[in-house]
Amino acid sequence: MKKTVLRKPKGFIDVYKYKPGAEKDRTHYCPGCGHGILHKLIAEALEDLDLVDETILISPVGCSVFAYYYFDTGNFQAAHGRAPAVATAASRANPDKVVISYQGDGDLAAIGGNNILQAANRGENIAVFFVNNAIYGMTGGQMAPTTLEGQVTTTTPYGRNVDTDGYPIKMCEVLSQLTAPTYVERVSLHDAPHIRKARNAVRKALQNAKERKGFQFIEVLSSCPSGWKMDPVKSMEWIKEKMLPLYPLGVYRDKGEDAKITKRPVPVMEPAAVWEKLGISAEKDVDFPRGDVADEYKKMSIRVAGFGGQGIMVTGQALASVALEYGYNVSWLPSYGPEMRGGTANCSVNIQDGTIGAAEAVKPSMLLAMNRPSLEKFEGSVMPGGTLLYNSTLIDIKPERTDIKVFAVPITGIADDELGNIRVQSLVNIGAYAAITGMFRVEDVITLLPKLFKGRKQAIIDLNAKAVKAGFNYVKDNF
Amino acid sequence: MARMLMKGNYAAVYGAAMAGCTAYYGYPITPASEVAESAAALFPKLGRTFVQAESEVSAINMVYGAAGSGQRVMTGSSGPGISLKMEGISYCAGAALPCVIVDIMRGGPGLGNIGPEQSDYNQVVKGGGHGNYRNIVLAPNCCQEMCDYTMLAFELADKYRTPVFVLTDGVIGQMMESVTIPEPVKELPDKSDYAVFGTPLNKNLVNSIYIDHDDLEWWNMELLKKYQVIEENEVMFEEYMMDDAEIVVIGYGSVSRVLRTAVDNARANGVKLGLFRPITLFPFPGKEIAALPARGVKHILTVELSTGQMVDDVNLALSGVIKSDLYFRLGGNVPSADEITDKISELYGEVK
């Protein structure tokens with residue numbers, strides 16, 4: 001004769017050590033509550049599937065906030081509604097573990113509604129057990145998103161009115177609209193045959209989780225005698241009569257053999273491999289030797305200004321990038337404000353030895369003005385004795401300042417007419433800058449072009465080189 | 001070739017990658033989006049996790065999950081997003097989980113604008129969420145520091161099992177400078193005493209609940225002791241031209257750079273102006289500021305991109321011996337060095 005042994009499943013901690021008080025052998029749940037039944041189904045399944053030592057369980061906020069008292073797994077307690085987010089990260093960190101998000105209806109379908117939806121939509125490799133008892137138990141019987149129409153709760157004292165409180169939300173139906181979930185089923189705990197079906201669903205979800213088959217979702221219709229203010233027997237009848245018609249049981253999604261196996265990469269941590277993967281070489285940076293730079297150009301604070309499309313930002317970044325290769329400290333700051341989207345653009349570049357202070361070239365030692373509004377706006381700001389380089393193709397007025405050096409260079413003309421490509425204006429600028437300051441050698445700039453314009457075709461690189469030379473030569477020939 | 005020209009927002013992520021951060025969870029927001037974008041670009045190359053979360057709230061709770069799993073983990077955002085993250089940061093502090101949060105401050109309140117401000121100081125430096133907790137807060141003022149201090153943030157986070165902020169503004173986040181990438185860490189700390197791995201020998205619990213009143217009081221006292229140790233040991237600050245300074249400007253982050261230029265300009269005119277720059281905002285260098293009057297400092301001007309948040313800590317430190325004046329700009333406006341020296345002339349009549 002087969003002997004039945006009644007004992008606690010090994011999925012539970014033997015003595016509930018985390019539970020305060022003297023009663024460390026029983027749960028905190030009320031008599032007739034469905035949580036205890038579902039806990040037992042999960043604990044048995046963990047034991048039978050050999051998962052007790054391979055599982056991480058996330059406890060929610062609600063009556064099952066203390067689920068971690070009981071399960072002999074790794075345990076997290078999460079903020080209200082956020083268990084799927086915590087589970088997402090726990091699963092990503094431990095891709096070979098079973099991660100369970102255990103949640104109630106307020107937690108999952110109200111405050112955490114988007115968390116569960118998005119975790120499901122990402123197909124996170126987690127198993128979610130969702131206890132739907134149509135009420136907030138822990139806080140004392142308030143309306144849940146799953147509360148039935150007309151149901152009296154402490155926050156629907158006249159019964160849930162769908163006109164003001166909305167309709168009961170059906171999570172299995174909602175989540176089964178998504179592509180990613182592997183397995184979605186609704187079960188009930190109201191009598192022994194249904195508990196057996198629930199047991200099967202729990203096992204299937206955890207078996208799938210063990211095989212890393214993505215997102216598992218089991219909704220469990222469950223009793224709350226305390227919240228419903230009924231005795232346990234009546235509660236079971238209430239599930240059958242009131243909840244089942246609204247929340248039909250059954251499988252809403254089962255991908256079966258088509259379920260994808262979740263694969264996650266192994267992080268690269270070895271220092272040399274990290275640098276190699278990011279294209280960082282351990283070789284020491286070798287600076288270009290510097291040429292003779294006049295004192296006035298040794299500490300540059302440059303404003304580059306023009307309209308969008310003139311390569312203003314690129315000019316600034318190229319100045320900084322090239323100067324960096326001579327071992328200067330550099331900074332580049334884009335104009336930062338509404339004008340970013342408004343057509344005009346400017347940026348500040350600092351090139352110097354030693355620590356760079358203010359990043360914005362409020363009183364630039366050089367202004368590079370590419371259009372008339374920029375000249376008008378910034379000419380006055382140039383430091384006395386500073387330098388103005390302006391685009392004489394587009395600027396038909398003469399600068400007013402007489403206390404600064406002025407270089408009128410037809411930048412757009414050189415790019416467009418001479419080189420046939422208006423997009424190389426920024427390189428003409430670099431050439432002109434090199435000629436004025438003596439800070440860069442043209443050959444060095446040309447050497448750097450493939451690095452500055454990574455991935456561009458050789459023809460573009462060659463054109464850019466011509467542009468640098470053209471800018472350089474114009475200044476050398478005319479000033 | 002470890003030297004590169006990059007934005008501050010990128011530099012923070014390089015620092016994280018070198019610190020052995022294996023997971024980034026974030027949500028896009030200007031001017032911090034490049035933090036998420038660079039993590040999205042770099043982390044997959046290293047087989048590390050990048051997830052664009054559905055919300056700021058979700059992102060910080062993913063950080064909680066990753067930190068509790070023993071990972072070095074980071075998120076990034078700006079004011080409105082940081083406000084949303086506060087709940088999760090409180091949980092991280094309550095569960096003693098290490099994590100790094102980069103805050104690229106923008107203008108507020110409300111949606112404000114995307115210009116640089118320093119108006120998250122109070123919510124970040126004082127804790128921000130519910131409960132008695134503090135965050136360690138590092139305030140870089142250049143791209144190299146964005147990289148280095150993010151790396152340091154991970155060390156401090158693990159050393160004290162606490163959230164660490166890298167707090168800066170849109171100027172530092174958006175500007176580009178040369179950054180020399182440090183060598184990756186060789187070894188990561190063992191976290192098996194608290195992290196949840198789900199193995200036979202590891203049945204840890206990550207939790208911030210202490211139901212019993214005495215237990216929660218005890219836990220708060222433990223946290224308090226931790227913050228006191230941090231205040232003893234981790235204060236960082238920078239001084240510039242302070243030896244003979246009679247007037248001192250105090251500012252952090254991008255403001256400190258403008259102040260440095262102002263000091264240079266003032267010194268060129270013979271004015272004994274010095275710069276005191278807090279690098280850690282919690283722990284705040286209060287003792288060092290309190291010592292300034294005894295060092296011969298007659299006037300202190302705190303400069304902020306807020307209506308005066310840090311200045312409260314400055315004046316608390318000075319305890320009425322002298323009182324710091326305040327100069328600020330708002331809404332995305334940044335003061336120029338001339339504005340600072342003009343203000344000093346106006347207040348103290350010594351700078352021309």
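All values below were derived from every heavy atom in this structure, side-chain atoms included, with hydrogens, water molecules and symmetry-related copies excluded. Naming convention: chains lettered A, B, ... in sequence-line order (proteins, then strands); numbering from 1 in each chain.
The side-chain heavy atoms of B:Lys203 and A:Asp53, taken from C-beta on, include a pair separated by under 4.5 Å. Here the side chains of A:Val86 and B:Met62 are not in contact, with every heavy-atom distance at 4.5 Å or above. No side-chain heavy atom of B:Gln71 sits under 4.5 Å from any side-chain heavy atom of A:Arg92.
Of the two parts of A:Val52, the backbone and the side chain both hold a non-hydrogen atom closer than 4.5 Å to a non-hydrogen atom of chain B. Both the backbone and the side chain of A:Ile356 come within contact range of chain B, each with at least one heavy atom under 4.5 Å from a heavy atom of that chain. A:Val362 touches chain B through its side chain: at least one heavy atom from C-beta onward sits under 4.5 Å away, while N, CA, C and O do not. Heavy atoms closer than 4.5 Å to chain B are found nowhere in A:Glu124, neither backbone nor side chain. Interface remark: A:Phe71 contributes no atoms to any contact with chain B (heavy atom separation under 4.5 Å). Both the backbone and the side chain of A:Ser321 come within contact range of chain B, judged by heavy atoms closer than 4.5 Å. At a 4.5 Å heavy-atom cutoff, A:Arg264 makes no contact with chain B through either its backbone or its side chain. Interface residue A:Ser331: backbone and side-chain heavy atoms are both found under 4.5 Å from chain B. Proximity to chain B (any heavy atom under 4.5 Å) is shown, for A:Glu270, by neither the backbone nor the side chain. Contacts of A:Asn94 with chain B are made by side-chain atoms alone, with heavy-atom separations under 4.5 Å and no backbone atom involved.
Atom CZ in B:Phe197 sits 10.5 Å away from atom NZ in A:Lys97 (nearest 0.5 Å). Rounding to the nearest 0.5 Å gives a distance of 10.5 Å between SG of A:Cys347 and CE of B:Met176. Here B:Ser178 contributes atom OG and A:Trp332 contributes atom CH2; the two are 14.5 Å apart, rounded to the nearest 0.5 Å. The distance from atom CZ of A:Phe76 to atom CG of B:Leu205, rounded to the nearest 0.5 Å, is 9.5 Å. Atom CG of residue B:Asn207 and atom OH of residue A:Tyr69 lie 8.5 Å apart, to the nearest 0.5 angstrom. Rounding to the nearest 0.5 Å places NZ of B:Lys45 at 11.5 Å from CD of A:Glu276.
Crowding of A:Lys24 atom NZ: a count of heavy atoms from other residues, nucleotides or ligands under 6.0 Å exceeding 12. No more than 12 heavy atoms of other residues, nucleotides or ligands lie within 6.0 Å of NZ in A:Lys363, so this atom counts as exposed by the packing criterion. Other residues, nucleotides and ligands place more than 12 heavy atoms under 6.0 Å from the CG atom of B:Asp212. For CG of A:Asp353, the number of neighbouring non-hydrogen atoms (other residues, nucleotides, ligands) closer than 6.0 Å is greater than 12. At most 12 non-hydrogen atoms from other residues, nucleotides or ligands lie less than 6.0 angstrom from NZ of A:Lys277. Atom OH of B:Tyr27 sits in a sparse spot, with 12 or fewer heavy atoms from other residues, nucleotides or ligands closer than 6.0 Å.
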* To do: Walk me through it: do A:Asn75 and B:Asn204 pass the test side-chain contact (heavy atoms from CB on, under 4.5 Å)?
  => CA-CA 6 Å; A:Asn75 281 289; B:Asn204 286 330; over 6 Å; no
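Comparing A:Ala358, A:Gly74, A:Ser348, A:Ala323 by how many heavy-atom pairs each has under 4.5 Å with chain B, the most go to A:Ala358. Residue with the most contacts toward chain B among A:Thr55, A:Leu278, A:Thr88: A:Leu278 (heavy-atom pairs, distance under 4.5 Å). Of the listed residues A:Val349, A:Val65, A:Asp72, the one with more heavy-atom pairs under 4.5 angstrom with chain B than any other is A:Asp72. Across A:Gly316, A:Pro265, A:Pro267, the residue that shares the most heavy-atom pairs under 4.5 angstrom with chain B is A:Pro267. For chain A, the option among B:Pro182, B:Pro44, B:Ala95, B:Ser90 with the highest count of heavy-atom pairs below 4.5 Å is B:Pro182. By number of non-hydrogen pairs under 4.5 angstrom with chain A, the leading residue of B:Val263, B:Asp338, B:Asn113 is B:Asp338. In terms of heavy-atom pairs under 4.5 Å with chain A, the best-connected choice from B:Val185, B:Leu188, B:Thr22, B:Leu46 is B:Leu46.
The shortest heavy-atom contact between A:Ala93 and B:Ser69 is CB-CB, 3.5 Å.
A side-chain donor-acceptor contact under 3.5 Å links B:Arg48 to the backbone of A:Val268. B:Arg3 contributes a side-chain N or O that, together with a main-chain N or O of A:Leu324, makes up a donor-acceptor pair within less than 3.5 Å.
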